[in-house]
Amino acid sequence: MSKKENNKAEVENQSAKTNSKRSYETDPTLKDIASNLNDKFSSLREGKESSPVDCINIFEKLHPPAGEISSFAKQIGELPELKVDFKNSLNKIASTFRNAFSNITEYNEINSQIKELLIENFFHTARALAIAVEARDPYTGGHSDRVFQIATELGKRCNISITEQLYLEGGALLHDVGKIAVRDGVLLKPGPLTDSEYKEMQLHTIFGSQIVKRMSCLHGCVDAVLLHHERMDGYGYPHGLKGKEIPLIARITSVADAYDAMTTNRIYRKALSHEQALEEILRNSGTQFDPEIVKVFLIWWEDTFQKNPAKSKELYKYSK
Ligand SMILES: [Fe+2]
């Protein structure tokens with residue numbers, strides 16, 4: 001058997017096992033249907049009934065997995081009382097079922113390959129956009145990538161779903177993509193911004209969300225891009241959302257973004273040390289940042305900066 005066929009058989013077996021376990025052990029309705037089916041079979045075997053149609057109808061209600069359909073069809077086909085032509089049509093039904101299910105398995109295989117390609121495409125696109133932003137402002141070199149790495153680690157420690165983790169990672173990479181649309185005079189200004197310039201700078205969240213929204217593969221990242229400057233106390237922007245109104249991936253990105261921004265030199269100020277930046281994050285827990293995420297952040301920080309200096313050096317190797 002080839003490797004592909006082996007994998008296919010394994011997937012099919014696994015799926016049959018999982019489905020069968022889920023159906024009969026956890027669902028009382030299905031359990032009743034299954035026992036009703038057993039009774040019908042006994043009646044057929046004992047010759048009390050001559051038509052297997054009831055059995056087929058009951059069996060259908062079980063939404064059986066592939067492995068059980070063929071064994072069921074075999075049991076019916078082997079009943080001695082059945083006429084030959086009926087047996088033949090049952091065999092035909094069984095083989096149709098088998099083909100349908102093998103197509104589904106193949107479909108699942110192709111589907112997972114497509115998913116992998118989509119995820120790859122997702123990150124290529126996100127990275128390309130992040131590079132485009134950093135080309136506008138080389139002073140922030142590597143910021144998007146470090147925010148991506150920090151947010152990825154925080155997400156893993158928050159036990160979020162696989163899909164949310166994917167959107168978090170993409171969103172963290174793209175959080176400042178809207179800066180593409182901010183004028184040089186504002187984006188690269190060496191001194192403090194005026195009120196109107198600051199308002200213009202804040203628009204990068206809206207511009208970014210508009211860019212990301214238009215790309216179907218990145219659509220799930222919109223929350224992180226649009227809302228990474230919201231604050232727990234409601235004084236953030238662009239919408240002034242409060243607490244848990246701010247989606248989780250935006251709350252995580254906010255901590256990762258603020259930390260990295262503080263620890264790297266900017267055109268208008270010098271970097272804080274990692275210890276000073278940590279203190280700032282802790283000081284703003286509950287007002288700017290979600291305290292639960294700050295707790296997770298502290299664990300990540302200790303793992304990275306105290307227990308594993310090589311890891312922290314690697315993370316900040318390109319920072320200026
Ligand atoms: Fe930002």
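Both counts, for ligands and for their atoms, begin at 1 and track the order of listing.
The two residues Gly170 and Phe123 have their closest heavy-atom pair at N-CE2, 4.1 Å.
The backbone N or O of Glu280 sits less than 3.5 Å from a side-chain atom of Asn284, completing a donor-acceptor pair.
Two rings, from Tyr167 and His219, have their centers 6.0 Å or more apart.
Around atom CG of Asp195, no more than 12 heavy atoms belonging to other residues, nucleotides or ligands sit under 6.0 Å away.
Checked against the Fe ion (ligand 1), the N, O or S atom of His229 at the shortest distance is NE2.
Contact annotation: His228 places an N, O or S atom under 2.8 Å from the Fe ion (ligand 1). Inclusion of Asp176 in the first shell of the Fe ion (ligand 1) is supported: an N, O or S atom falls under 2.8 Å.
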